[in-house]
Novice: 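The structure that follows is given in the form of structure tokens.
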Number of protein chains: 2
Amino acid sequence: MIIFRDKPYRCTSEIVLDLVSGKWRISILNELSKGPVRFNQLQRLLPNATQRMLTMKLRMLESDGLIIRKVYPVSPPRVEYRLSELGEQLVPMLTMLCDFGSTYIDSFPDEVSYSDHKHA
Amino acid sequence: MIIFRDKPYRCTSEIVLDLVSGKWRISILNELSKGPVRFNQLQRLLPNATQRMLTMKLRMLESDGLIIRKVYPVSPPRVEYRLSELGEQLVPMLTMLCDFGSTYIDSFPDEVSYSDHKHA
DNA sequence: CGGAATCCCACGCGATACTG
DNA sequence: CAGTATCGCGTGGGATTCCG
């Protein structure tokens, strides 16, 4: 049994799930993997996430050491987020998750459809 | 936007998270990756999971197509669970998650400890 | 622009007891 | 042995409003 940050885990894979699970976390990481993004840009990229949720998840990812928050002391405020070194190391895994997801849904073609609209 | 089983996803990786997230799912998959297991064995392997939770998670994994439930019509009842073909394909990814988890916690040696006791 | 504060709800999870 | 059936709560997620 591993204790990490005062929480017990049966396997280190569960720790990784804590890092990337939770709504918006993967989407944020995916966007940041393409390069640094400002808060406002992120809002437009993830139009269904409320400001509150984005802020919360970004702070969590930051305290997990996966992303870096950089504040430019200008007016109007400018805050930029980017992957940390650890976060960069996560990218190949995100790709693998994505790949297996594609493989998986290919086994259930009847249950898949696509939608263009951004909401929901 | 992908719709899979009536649920929207921004990326197929989010589908995979739905498959392996949720308490006990990864632990169950890890145990089954070593070979078929009976319900009772699983209970002993995961002593902190209640019967209800084990049953629920097993049924979910089954309906997700990752595991197979085989009932032997004997008395007392004998039910065996094993990975499906799809489930087997998941194993390398579980290994990778585990590996990255180890890499990750190595970055925070102060926040890691170990415990022998099975509870919590 | 990039938040923080407040309020609220669904549901994932669990404890416990019962059963073919 | 391998499950249901009930009940209850914590917390993750969200809508809304206000702020420097």
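Being a predicted model, the structure only gives us computed values, none of them experimental. Every chain is numbered from 1, with letters handed out A, B, ... down the list of sequences.
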Novice: To the nearest angstrom, how far is B:Asp18 atom CG from D:dG12 atom P?
Specialist: 17 Å
Novice: Between atom CE in A:Met53 and atom C1' in C:dG3, what is the gap in whole Å?
Specialist: 15 Å
Novice: Checking A:Ser13 side chain against B:Leu94 main chain: does a donor-acceptor pair fall under 3.5 Å?
Specialist: no
Novice: When you measure from the side chain of B:Tyr81, which nucleotide among C:dC13, C:dC1, D:dG3 comes out closest?
Specialist: D:dG3
Novice: Which heavy atom of B:Cys98 sits nearest a heavy atom of A:Thr12, and at what distance?
Specialist: O-OG1, 2.6 Å
Novice: Would you mind classifying the nucleic acid contact of A:Arg52 as base, sugar-phosphate or nothing, using non-hydrogen atoms under 4.0 angstrom?
Specialist: base
Novice: Rounded to the nearest angstrom, tell me the gap between atom CG in B:Leu42 and atom P in D:dG3.
Specialist: 10 Å
Novice: Write down the distance between CH2 (B:Trp24) and P (C:dG12), rounded to a whole number of angstrom.
Specialist: 17 Å
Novice: Where each residue is assigned the nucleotide of DNA chain D containing its nearest heavy atom, which of A:Ser21 and A:Gln51 is assigned the position nearer the 5′ end?
Specialist: A:Ser21
Novice: Given side chains that start at C-beta, do those of B:Ile2 and A:Tyr114 come closer than 4.5 Å, heavy atoms only?
Specialist: yes
Novice: Closest to the B:Lys23 side chain: C:dC13, C:dG20, C:dG2?
Specialist: C:dC13
Novice: At less than 4.0 Å, is any side-chain N or O atom of B:Arg69 found next to OP1 or OP2 of D:dG3? Yes or no.
Specialist: yes
Novice: Just to confirm, is there a sub-4.0 Å distance from OP1 or OP2 of D:dG13 to any side-chain nitrogen or oxygen of A:Arg25?
Specialist: no
Novice: Under 4.0 Å between a side-chain N or O of A:Arg38 and OP1 or OP2 of C:dG2?
Specialist: yes
Novice: In terms of heavy-atom contacts, does CG of B:Asp106 have more than 12 from other residues, nucleotides or ligands at under 6.0 Å?
Specialist: yes
Novice: With heavy atoms under 4.0 Å as the rule, sort B:Tyr72 into base, sugar-phosphate or nothing.
Specialist: nothing
Novice: Reading DNA chain D from 5' onward, which residue's closest nucleotide shows up sooner: B:Asn40 or B:Thr55?
Specialist: B:Asn40
Novice: In whole angstrom, give the distance that lies between atom CD of B:Gln41 and atom P of D:dC1.
Specialist: 11 Å
Novice: A:Arg25 side chain to A:Leu19 main-chain N or O, any donor-acceptor pair under 3.5 Å?
Specialist: yes
Novice: Measure from the side-chain heavy atoms of A:Thr50 and tell me the nearest of D:dG14, C:dG14, D:dA2.
Specialist: D:dG14
Novice: Within the structure shown, what part of the strands sits under 4.0 Å from A:Arg59 by heavy-atom distance: base, sugar-phosphate, or nothing?
Specialist: sugar-phosphate
Novice: Take the protein atom CG of A:Asn48 and the nucleotide atom C1' of D:dG14, then report the distance between them rounded to whole Å.
Specialist: 12 Å
Novice: To the nearest angstrom, how far is A:Met56 atom CE from C:dA4 atom C1'?
Specialist: 12 Å
Novice: For the pair made of NZ in A:Lys57 and C1' in D:dG13, what is the distance, rounded to whole Å?
Specialist: 7 Å
